[in-house]
Amino acid sequence: MFEKQLGYSFQMLNSREKKLNELLDGFVLDTLDNSKNLLSVATTWCRSNNLEIKEFKPYAYAVLDSMSIITQSLTVAGGFIDCLKLVNALETQFHTGKLSSVQYKSVRDPKTKTLELNCTLYIQNIDNYGTKYK
């Protein structure tokens with residue numbers, strides 16, 4: 001009777017919840033799983049693709065509705081095409097979170113006095129563990 005009043009069956013609700021959990025799973029922060037650990041994935045990928053990791057840090061922590069979101073930044077140096085390949089790999093191959101923004105910046109290296117391209121990627125994750133980076 002209750003199901004008829006709402007127009008939903010419990011099976012349908014369970015099915016929708018399962019699909020939603022599958023979608024969100026790619027965005028959950030899991031630093032113990034190397035295939036989801038951003039620094040581990042980026043280090044391995046950059047070594048074989050002519051990029052150098054310059055900086056990695058948790059950038060911001062926010063609570064939106066019922067979810068805790070952490071934003072991490074990863075800065076790499078290298079060629080523009082190599083940076084684009086990294087962006088594509090993080091968006092399509094790896095489940096390290098949602099790539100929310102990319103910033104390209106040319107800077108002069110103080111040691112070598114040469115111009116280099118820095119690419120800063122901002123990746124967002126759902127934090128199920130309540131870890132607060134402040």
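- Here the OG1 atom belonging to T75 is positioned 5.0 Å from the CD atom belonging to E55, to the nearest 0.5 angstrom.
- With values rounded to the nearest 0.5 angstrom, K57 atom NZ is found 14.5 Å from L39 atom CG.
- Rounding to the nearest 0.5 angstrom, the gap separating the CG atom in L121 from the CD atom in E91 is 9.0 Å.
- Linking Ile, Leu, Val, Met, Phe, Trp and Tyr residues whenever their side-chain heavy atoms come within less than 4.5 Å leaves L86 and V107 in two separate clusters.
- Between the OG1 atom in T43 and the CG atom in L74 there is a gap of 8.0 Å [rounded to 0.5 Å].
- Nearest heavy-atom pair across I123 and T96 is CG2-O, 3.5 Å.
- The shortest heavy-atom contact between L117 and G79 is CD2-C, 4.2 Å.
- In this structure, CG in D82 is found 12.5 Å from CD in E52, a value given to the nearest 0.5 Å.
- In terms of hydrophobic clustering, with Ile, Leu, Val, Met, Phe, Trp and Tyr side chains grouped at heavy-atom distances under 4.5 Å, L115 and L51 are assigned to different clusters.
- You'll find the side chain of L99 stays beyond 4.5 Å of the side chain of F94, heavy atoms only.
- Not one N or O on the side chain of T44 forms a donor-acceptor pair closer than 3.5 Å with the backbone of V41.
- Minimum interatomic distance between C119 and C83 (heavy atoms only, all atoms of both residues): CB-SG, 3.4 Å.
- Of all non-hydrogen atoms in F56 and L38, the two that sit nearest each other are CE1-CD2, 3.6 Å.
- Within the 4.5 Å cutoff, side-chain heavy atoms of N125 are placed close to those of Q72.
- Note: K54 NZ to C46 SG = 12.0 Å, rounded to the nearest 0.5 Å.
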